[in-house]
Structures are given as structure tokens and as C-alpha cells.
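Report on the following structure.
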Amino acid sequence: ALLSESLFFLFFLQIIEKNADPEQMLLFYLLDLPQYNIHLCLSSVCTLMFQRHYSANACLLPICSLYGMAVTTVEGVGSTRTRIHPVQERLAKCHGSQCGFCTPGMVMSIYSLLRNHPEPTSEQMTAALAGNLCRCTGYRPILDACKTFCKDSVCCRSKANGRCCLDQEEDLFDREEKESVGLFSPDEFQPLDPTQEFIFPPELMRMAENQLKRTLVFRGERMMWIAPVSLDELQDLKAAHPEAPLVVGNTGVGPDMKFRGVFHPIVIAPARIPDLNVVKCTSDGAACSLSLMKDILTNAISELPEEKTKIFYAVLQQLRTLGGEQIRNVASLGGNIISRKSTSDLNPILAAGNCMLNLASKGKRDSFSSLALAVQNYILLSDPYMSDSYSLLSDLVQGEYISAFRQAPRRENALPIISAGMRVLFEEGTDKIKDLSIFYGGAASTTICAKQTCQTLIGRYWNEQMLDEASRLILNEIVLPDSAWDGKVEYKKTLIISFFYNFFLKILQSLKTMDPCRYPGIPMEYESVLEHFQTKMPQSIQIYQDVELSQSPQDPVGRPVMHQSGIKHATGEAVYIDDIPSVDGELSLAVVTSSRAHAKIVSIDTSEALKEPGVFDVITANDVPATNEFHFSDDPEIIFARSKVICVGQIVCAVAADSYAHAKQAAAKVKIKYEALEPVILTIEDAVKHNSFFEPKRKLEHGNVDEQCFFSFGTGEIHIGGQEHFYMETQSVLAIPKGEDKEMDVFVSTQHPAFIQEMVAASLGVPANRIMCHVKRVGGAFGGKLLKAGLLASVASVAANKTNRAVRLILSRGDDMLITGGRHPFIGKYKVGFMNDGRIRAVDAKYYINGGCTPDESVLVTEISILKMDNAYKIPNLRCWAYACKTNLPSNTAFRGFGFPQSGLVTETWITGIAEKTGLSPEKVREINMYKEDEQTHFKQKLDPQNLKRCWNECLEKSAYYSRKTAIEEFNKQNYWKKKGIAIVPMKFPFGLGSRYLSQAAALVHIYTDGSVLLTHGGIELGQGIHTKMIQVASRELNIPMSYIHFCETSTTTVPNACASVGSAGTDVNGMAVKNACQTLLKRLQPIINKNPKGNWNDWIKEAFEQSVSLSATGYFRGYDADMDWEKGEGQPFTYFLYGAACSEVEINCLTGDHKNLRTDIVMDIGCSINPAVDIGQIEGAFVQGIGLYTMEELKYTPEGVLRTRGPDQYKIPAVCDVPEQFNVSLLSSSQNPYAIYSSKGLGEAGFFLGCSVFFALRDAISSVRNERGLKKTITLNSPLTAEQIRAACTDDFTKMVIGRWGNGLIFCAPITIR
């Protein structure tokens, strides 16, 4: 009997879906269930818990797959309306949320783990979070919340007295009396009581026990889903539909359909077949999840003899880093094998281990080795009668050894660049090869075997001669295509033989264990390379200044107050744009983008798109009532391309339909004909060749560079790649026509509502007072939601105007990355003159940034890159040019740091170069050239560098820099294939927005008769805690508890003409405005307070109302004075300076290029912190984001200008595994700033640059390698300093074997990395 309705439970509410569409994922299904009175938030259902407490990604779970399951989202864990779960409470109170968009996913991953392991180990906790990403916090506060649940302490207790090695009361972190280290109080936490958790729905248990299983069949508009219940039925279906894929966890087919345009009209889901879910000691079922396999192997290792579990160890090693928990919980073993993906982690080791598979088709059943996977009409099964010789994971015999290897762009939750499985069997009692297996993943379209090499080596002895022969044979046999899309051909070749060398060393050690008299093993200095880098729970210290004892307990300023929305973030109740309930008749919008970088539009054919179901209309440039091109400079910013396109990803038109799925399907049917235009300019080099620049070019000259006499000079060039913002909430707009007077409400995720209002009004041809722009909160921005948000809001508003319906535009991650641009790729060329004592005499530099196809903020970025290029150093004579290159890429835009992370890296590169030339240490060169008292910047602005020096000295002391440097030198002497490096970098970060009008701010404060206060201002909550700080300011000024004060939203209807929340200025300027408004109100109330000094707040407010005293006030701040005369090359563009220093230590694997961030110590001068918890979180988050720019985040393009890295699958941002194992932040005490509110400083951007301390620590480790190997020639290291570059710089016999650009040890950029 067939069943065509899906039944599952959602927080113990039975859901019956009679028309389940196989193409609909659970993520979007759960957003709106009006028939059950359910509306969930987009952020809250990203990660959820299903069945018996397993986490999963809702974006990959088809609703058809949920029959008979229980689903729990964060709303089912706890809420402010019922009860808050301890996980939600602790994550919020430990300050583990900033923008909050990722927080529900974190909650669900932790909650799922605790349901299975109420007292988890720290290792289990970090593994549970490996599949979660956060762009704001830097993960440290999230992990702090996790530690409170762990049964094991992460402290090593290594001191003689049993105290923590990081004890605050001794040694390096000796504190002054007024310093504090506690950002939260564990005593406030409610206990975790597993007995109070919800039970699994009894109905589902009864249904599973008693109900006869029936085949499920779901038919959607385009696709059919069939879930058979027996192996015979499955074989019949596969015979009838040979092209239909088998789907269990949807982790392979799902991404192909979503991101690569693959379509399957029929899908077969075998997960409900009992035979495929059996696990026995002799076999594993093909539908078993990878998590189940991992648990079973872990248990087997603890129970079985070592010789029977060698392959278990190897498979477990790969499983630990294969995806995250959410993927492993649903991905099947059989699917992973049979998909034959090139990047498989498991297939190489399973193949090398001679593992056997049972394969079946209708009327046929066979056993095959894993090399037989090309037979596509076969399916995997588990045979209860299978003999031991056909087990999936075979036993190894005496003298047989097996190992697995992988190298990925990120250590966890990333597809491997190269994976490998290797096995060797020796003739009994010898090291003579009897059998050898070498398999690689990532080297070809599927797993490949070095078969000829293995056959040739049989009979050889396991020695150096065999190693040399094997390496050359492998390179000859494993031929990689030169056109690999990721441009890593040489790196892959090097990994292939480096992995074999590692295997060679492992076997030598194993032979020594077997017979130490006969086999000497390997040199001691080689042993450390056999150990893999592991993710450990980070230890951390946060030091800040306590408030004065005289400060009122009610005054929250200076205290680590929880984020105002922290609890709502953790419960999923925080509302973002796509969480706003649908409006009647609402349409969804999908954009159609250009596929050419530079071309004339010949025609746009929308006829096929308009025939698609649910399509309402197609919007083009012809539908824009007024302004389609905005001329903020000579080159326009364009809403819809009209006659030509100037980059891949430019919006040509948009499809409005009744659902996003329909809109997206129709958008694919729009046909655009192009006529190629020349030239196509993609890189900075192309732009220079064609003299393609945005005007004006900027130049700053100080002193006389050409007439300087100095000891020596150095020249160099460094390339710095771009960076994707990767905010968690993609660009999002909801435009709602109000029906009269051409009014429109625009709800938008932006940093600048007034600018959105201006652009939408201009595009519609109406006054700005008809457009009401609303922003509740933004799920991350980092500079990426300014101009682009305005263009996208205009697209949605034009569609809403034409259709007279509400229109929602939510970009997918891939479209967002394709359309919006990011940080500017950068080339810095320099010539530096210096004395033999390391003093800088002159710098002559040229900076080029890749601006993309329109100006956006590019010229301003060049200006800031010049003004901040000195970092912390006095440069007596300077000439610097900066050019914004006009190319055929999506226009790049503002990004945290705004040019300084690039120009600062160039400066620190030539500082390090001076150290190498003079033989001085880098820290000595930095100290010698650091600003001193009474000195001016290169644009003649005065500064007081006292706190710069304090930060530097405190960082040296707190990090124990010199003693650790000595220890690292000793470590490097004792380890050949692993090296450590350390670097300390100072920072001067100027604060200012360049013009007074850009830093003006306003606020509006209402007091209601019940004493409650409504506060609003022009700042936007991006995750930086601005609303929390503004409530703190109002609380102090009005002398009332924070609980009396509420912030509603930022809107153009309450605060007009507000400036953008950019440049770390939000708290500075809006705080002044809020203070002004509160003081106005308090001044009005003062006579009433004076008459009744013993009264309370409510008494005074009631009396004020009765006396007709206005209880509403606006506050205003005019902004900071600023000026810069580019003709004279001087001015006062900045208001004040922040200072800081960071010391980082790393360890690299010279064979793979992989590295581990061991420790970071940061000291920052941020004045007097208004909220230390928020401010330290901002420093840590910026720092980790900086690690991403400088060491791992790569944007890759095709030669035609198409972005290839369009999502988390290809573009890797830092994860939990990238957080330093020891992460310490100290705020400089006794620092004052007379220019900002309460002597604070705007710090959101400053910490980003300190991430380059990791870059230079890596460089230090690489220098140790090269010095040891006699390669003292200066080497250029570009950013990001990825594993590929590190491996290439560690030149050895293996890199020399690889023919190509690495033979001479030089580094060149991959041809498809746009710079």
C-alpha cells in the first residue's frame, strides 16, 4: 500500500502534510505554517534536532524525508514565554551572541549534544560545534558557555600548587587591584537537569512498533520522491528508474540540485529499508549514518585487540573532520562511497584497506572491492549472511599497516584538497614489501589508485631508495589536469608525495616497535610530524578595569552587561527581515544576473519565464519610474543593466512570483543574448595595462624621498587577496506599498536607512517623506550593507511599485557573494631606505586596489590606506600613490578596517624585510621606529604615543614574549618537519570619518506616564551592541535601571537623515545624542525632583505629566571636526587614536603546510570601556576575522570573471578549530579619551589588523625552516598565507620533484586568484 502524506512531530505537535513537495526543504517549510499557527524565524531553524537527539541542517532536509520523525527547533527548547533553557541562558549571559543570527544554530548543536551526553567532554563539545559558523564573536564566548557544561576541566593544572597555568594572581598576568577578569557569573546560571527535558513523542514510538510500514510516494510540481520499505522493492525501482539517485541524508544530491543546477525528476529514498540500517560486527548497512559508524568504531577500538582495529583508527581519523556533526548525522556510509566524489575522505582509506562491498541489482547480488563503484545501477546493501572475508572493514594481519591522510582549506568541516589511504604488507619478519595499496582522493574525478607504482615496488625493501623510487613513480602515474579550477595543481602534486613520505616515516616507527634491534626507526626530530593537529578547547583570559567603588550599583556603565537581545537571540525570538510574517498577496523576487563580464545586451527574452507556474511579472530597467543610474561620481551605480553589462553578477532583471522557488525556477528561464565587448579587465595588472582607474588618484608626500642618504634600501611587492563579508544574514529587503500617497514601508538589512530611503525615493520618483525605512537589527554587515543594500532595496521597491504588492527579496548565499563584492584585492609596491641600526629614513610606495566595475567607496579606501599606512611608525620621508582600479568585477566596497588591513600589512612586511636585511629582530626594528613624544604623522597631525608604548610593553610582558621566543628556538632545533613561529605587532588605529557632517547623530527619548522609557537613535544594531550601550548611557543619565528602558527599532520616521553606522563611530556619536536628549529631559524634571527629593522615578514622572512638562526630547550631536587637504598633504582627518599590540604563536607542518594557532595575547587601549563584555567580544571577533583575511579566505574566479567560491562549501571562514588554543585579551587600564562619551573609544574595526600577527608568526616559522635548510634568500609571502603557500615556502626534495613554478622555491599567485 502506498502512502502520500508526511507525518512528523514539531515540538510535540503532530504535523500532517498531504501535499509534500520533494523539492521543499524543511528550512523554508517551517518558516510559515499558518494552519498550525506556527511562524518560525529563519535563523532559528538553520540547525535543528531531529529523531532521537541528532543535530542536522534544515536547509538539506527535504520534508519528505521526515515521515515518522520528531523535529525540535530552538523554539521548542525554550522561550521567554515559557522557560529559558540553560543552554540558551548561558550562551546569552556568557556574551556568546553579537549579531545573533548564528546563535540558534549554536544552541541546537549544544542542546543536541547534551541530550545524548549530559556531561560531555571538551572534545565532544568542540566536535559538536565544528559544523557551526560565526562571523562576529571569534567563538571564544560561545566556547566559554560550552565549558560550563563540560565535566572535564580544560585547565592543565600544571603549577606546583595545583593552580591553573593561567592563574590570574601570579606570573604573567599579575593584575592591579582595580582590574577584573570575570565577564559573567556562573552562580547566576540555572542548573542543567536532564530529567526536565521533553520525552520523545510516545505516538511515534507506538507508530514505529505497531504500524505496518508502507511505501511513501510524494509528487511535487516537477519531482517525485519514492521511499520503499524493502530491498526487493528498491531493486525494482532502480531497475525501472536507473537514472534516479538514491538519497539518504541529501548531503550529496541536495547541494548538486541547489547550487549546480542539477535536476532529478525522480528520487529514491532507501533510508526506511531495515536491511540497509543493520550494523553488525561483520557488516555495516549502506544507509547507516556516518555518526553511527563513528560511534561503533570508537566502541570497537576500546573492546577489540589492536591488530583488529588498525583500519578503524584510520577511518575514525577521517570521520572526525568529515563535515560537521550536522552532516555526519544524516550522511550515509553507502552514499559517501557510491557517489565516488573526487574529494571523498573515506573512499581512499576504504579502498586501501581492501574493504569489500556487497552490491545488488535486480536479480543479481555480488561482492566487489571498492574499485567496482563504476557500476551505477548497483545499490549497496548489508547481507546478514556475509562472511568475515567480505566485511566492510577488514582485519589486518601481522606485518600489515594502514594510514589515512588529508589536507583541506580548513582543518574541520571542509572538503579535502587531497586525501589518501595507504596500506603495506611485509613478508613475515622482514621489511620487504609483499603488497602495497596507495589511493588518492582529490587528484582526479574520482578516487584513483597508484596501481603501477604499487606493483613495481613489490619486493623492494622499506628504505630510502624505495622512498625515492616511489615518489618519482607516483608523480609519473598520478597525472593531475593542469586546468584544475582551484589552481592548486603543484600543491596537490606535492601533497601526494608528502603524504607517502609521512606514511614511510610511520611505517619505520612501527617496524622499530616490532623489532627495535633490527629497525632503528626515524630520527627523534622527525617524530612530531606523525602527530596530527587536534582541535582543543581554548583557554582564555579577559582583563578589564573595574568600575570605581563609588559608582552606584544601578549605574551600568563600565560593567559587562549582557547584550540587550542576547536571550532573544538564543531563543530564536529575535526578528530579522525574513522572519517578518508574510503579507497577503506577497511576492518573492529572484534576480537574473549577467553571465558576461563585459558585453552589450542584444535582447532579453522573458517569454518562457512568464509561462512558469506562480510567476507574476518580470521587472527590468524599463519599469523603473525615475532614477535607474545614480551618479555619485563620474561612473554611475546602476539598479538594472539596460544596454550593457560590466561584470558577471550585475542585475539585469528580476522575476516576481508567489514563492521563491517559483521565482528562482523562472529566473533560470530568462534568456539574454549578448555581444562581447572589449577589453575584459579582471585584475589589477589588467587595469594598469589599460590605464583603467577611478578618479581621483591620491598622492601623499612628506619630506624629500629622493635626496635621502641611508645605509641600504629594500624593494618589494606584496599581493593581498580580497575577502567576502560573509555576514550570516544575506542581503534582505521587504518592500510593502501602503496603498495611498505612494507611501511605502521598506524593511531592510542595512547600515544606513537614510541612504536606502534616498535611493528608493529617487528610483520611484517620490519625495523621501513617502518612504519609511525600518531596521530592527542586522545579522552582520562589516561594511557590506551600504550602497549594495540601497541598490537591492531599489530593485525590490520598483517591483513592489509595479505589482502594487509586497515584495520580498532575500538573496541566497551564492547570489549574495556573486553580486555584492567585498574587500578590495590589493597590491603594494615599495622601496624602503633604512640605516644599519634599523631606522627608517624613506619610503616610496604605490598601492593599487581592485575597485571593480563601479566606484562605490573605492577612492575613499585608497585615501584611508594612505593616511593609515604608517601604522605605529614614524616615517621621516614618504611618497605614496594610491590607485583605485576599474575592472569588470562586481564593485568592491567598504569592509571592516577600510583599507588599513591591506596597507598596514604592506608596512609590516617591509618592517620585517628591514629586520632580515640588518640582522636585527623584527621586534627591535618595530621598537626603534615606533612613534615618540611630540612627533607628528606623515599628514602633520599630532598624536600622543604614550599608550602605544604601554600596549607594546604590556603585550611583551603578558605574552612572556622573550622567554617563549627562546623556547620556540629550542623547539625548532629539535623538530625538523614541524616548526613554531612567534611575532608581536603594534597598532595605531586612527578614529574618524573625515568630515563633520558624516559623524552627526540624533536620538529621540520618550518617557511614558508609567515611568517606562522608549529610546531610539540613528545607529544600527549590527552585532556591536550599540543598543545595549545606548540603554546603558540612558540608564546613567536618567539614573534609572536599564529594565525601565526599551529600544524599538531604527527608523527614518523617528530619526531623520541619520548617518551610516560605520567606522566604529556608532557608540561615539549616537551616545552623545542620547546623552543630550536625556540631559534635556532631566533638566525639565529637575525642579520636580528638587521639590520631592525622597520621591521615586514614577512619582516624578506622574507629577511632570500633571504639570504639563514635556516628556519627550530629541538629542543631537553635531559631529567631530575633521579636514584633509590633499593638495597640501596635511590636515586633521582623525579625532583620536586607538592603540594596541598582539603577540601570536603558531606551529606549522612543513610537509602539508597546515598550521595551528597556539596562542594569542592582545592588549588594547580603548579608553574607558562602556561595556567590557561587548568590547572584548568585538576585539576577539575582529581578530579572528583578520585571521581569515591573512591566512585562509580565498576568492577564486574563472578566466571569464565568474566567481567560483560562492558559498561555505568553497569559501572557508575561520571556525572553532582556528581559534588560538590560548586566547588572552587585556584592556589597557587608566586610559582616558576626552573626545568621546565617558572617555570611551570606538573599537569595532581596530582589532581586525592584529590578525596579521598570525601571518608574521607563520612567516617566522617559515624563516626558521628556510634558514635551517640554507635557503636564506628573502621570499615573498602573499596574503592569504594559506597552507599552499606555506608548503611551497618550505622547500625540500619533494617540492623540487614537482615540475613547475615551485622548482626554485618562489611563490606565484594562482592564475585564477583575482588581485
Side-chain angles (χ1 to χ4, degrees), residues 2-31 33 35-36 38 40 44-77 104-105 108-109 111-113 115-116 197-218 220 225-229 246-251 253-254 267-274 276-277 285 287-292 325-332 335:
L2 302 180
L3 188 64
S4 60
E5 65 180 25
S6 182
L7 182 152
F8 63 95
F9 275 70
L10 178 65
F11 347 117
F12 306 95
L13 176 67
Q14 189 181 76
I15 304 291
I16 299 176
E17 180 56 60
K18 295 185 177 181
N19 299 303
D21 187 340
E23 292 187 81
Q24 187 166 34
M25 297 298 117
L26 183 60
L27 174 67
F28 298 103
Y29 178 79
L30 291 180
L31 293 182
L33 291 170
Q35 66 271 37
Y36 296 99
I38 293 174
L40 304 183
S44 71
V45 293
C46 172
T47 295
L48 46 75
M49 187 179 74
F50 78 106
Q51 209 53 355
R52 301 259 181 162
H53 320 316
Y54 297 109
S55 59
N57 288 330
C59 59
L60 288 177
L61 283 180
I63 59 173
C64 297
S65 68
L66 298 177
Y67 183 84
M69 292 189 179
V71 174
T72 303
T73 70
V74 75
E75 288 87 353
V77 174
M108 294 311 300
S109 291
Y111 177 74
S112 298
L113 174 65
R115 289 303 303 268
N116 294 295
E197 302 292 359
F198 294 113
I199 62 172
F200 191 79
E203 297 92 333
L204 290 182
M205 290 189 286
R206 287 193 296 269
M207 189 173 79
E209 292 171 1
N210 304 322
Q211 196 175 66
L212 181 67
K213 279 196 171 185
R214 292 189 289 174
T215 299
L216 302 178
V217 178
F218 302 105
W225 175 285
I226 308 174
V229 294
L246 304 186
V247 173
V248 176
N250 203 39
T251 58
V253 172
V267 166
I268 303 172
R272 301 175 73 239
I273 300 174
L276 295 181
N277 288 280
C288 293
S289 72
L290 298 180
S291 288
L292 179 60
E325 289 284 350
Q326 300 96 319
I327 297 297
R328 291 194 293 268
N329 287 336
V330 297
S332 68

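Along the sequence shown, the residues carry numbers beginning at 1.
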Practice task
Report yes or no: does Arg272 contribute a side-chain atom to a donor-acceptor pair with the main-chain N or O of Arg214 at less than 3.5 Å?
Solution key: yes
Problem - Nearest-0.5 Å distance that lies between atom OG in Ser332 and atom CG in Leu292 - result: 11.5 Å
Handout entry: Check: Ser289/Asn329 side-chain N/O donor and acceptor closer than 3.5 Å
Key = no
Problem - Close side-chain approach of Pro62 to Met25, heavy-atom, < 4.5 Å - result: yes
Exercise for the section: Kindly indicate whether the side chain of Met69, heavy atoms from C-beta on, has any atom under 4.5 Å from the side chain of Tyr54. Expected result: no
Handout entry: Ser291 to Glu325 - nearest heavy-atom pair and separation
Key = OG-OE1, 3.9 Å
Handout entry: Shortest non-hydrogen separation from Thr73 to Met108 and the atoms involved
Key = C-SD, 3.7 Å
Practice task
Check whether any side-chain heavy atom of Leu66 lies under 4.5 Å from a side-chain heavy atom of Tyr29, and answer yes or no.
Solution key: no
Problem - Atom of Val267, atom of Val247 and distance for their closest heavy-atom approach - result: CG1-CG2, 3.4 Å
Fill in the blank from the handout: Rounding to 0.5 Å, atoms CZ (Phe218) and OH (Tyr67) come to a distance of 8.0 Å
Exercise for the section: Mind listing the closest non-hydrogen atom pair of Leu60 and Asn250 along with its distance? Expected result: O-ND2, 3.0 Å
Fill in the blank from the handout: Rounded to the nearest 0.5 angstrom, the CG-CG distance for Asn57 and Leu26 is 11.0 Å
Problem - Which atom of Arg115 lies closest to which atom of Phe198, heavy atoms considered - result: NH2-O, 2.8 Å
Exercise for the section: State, to 0.1 Å, how close Ala20 and Cys64 come at their nearest heavy-atom pair, and which atoms those are. Expected result: CB-SG, 4.0 Å
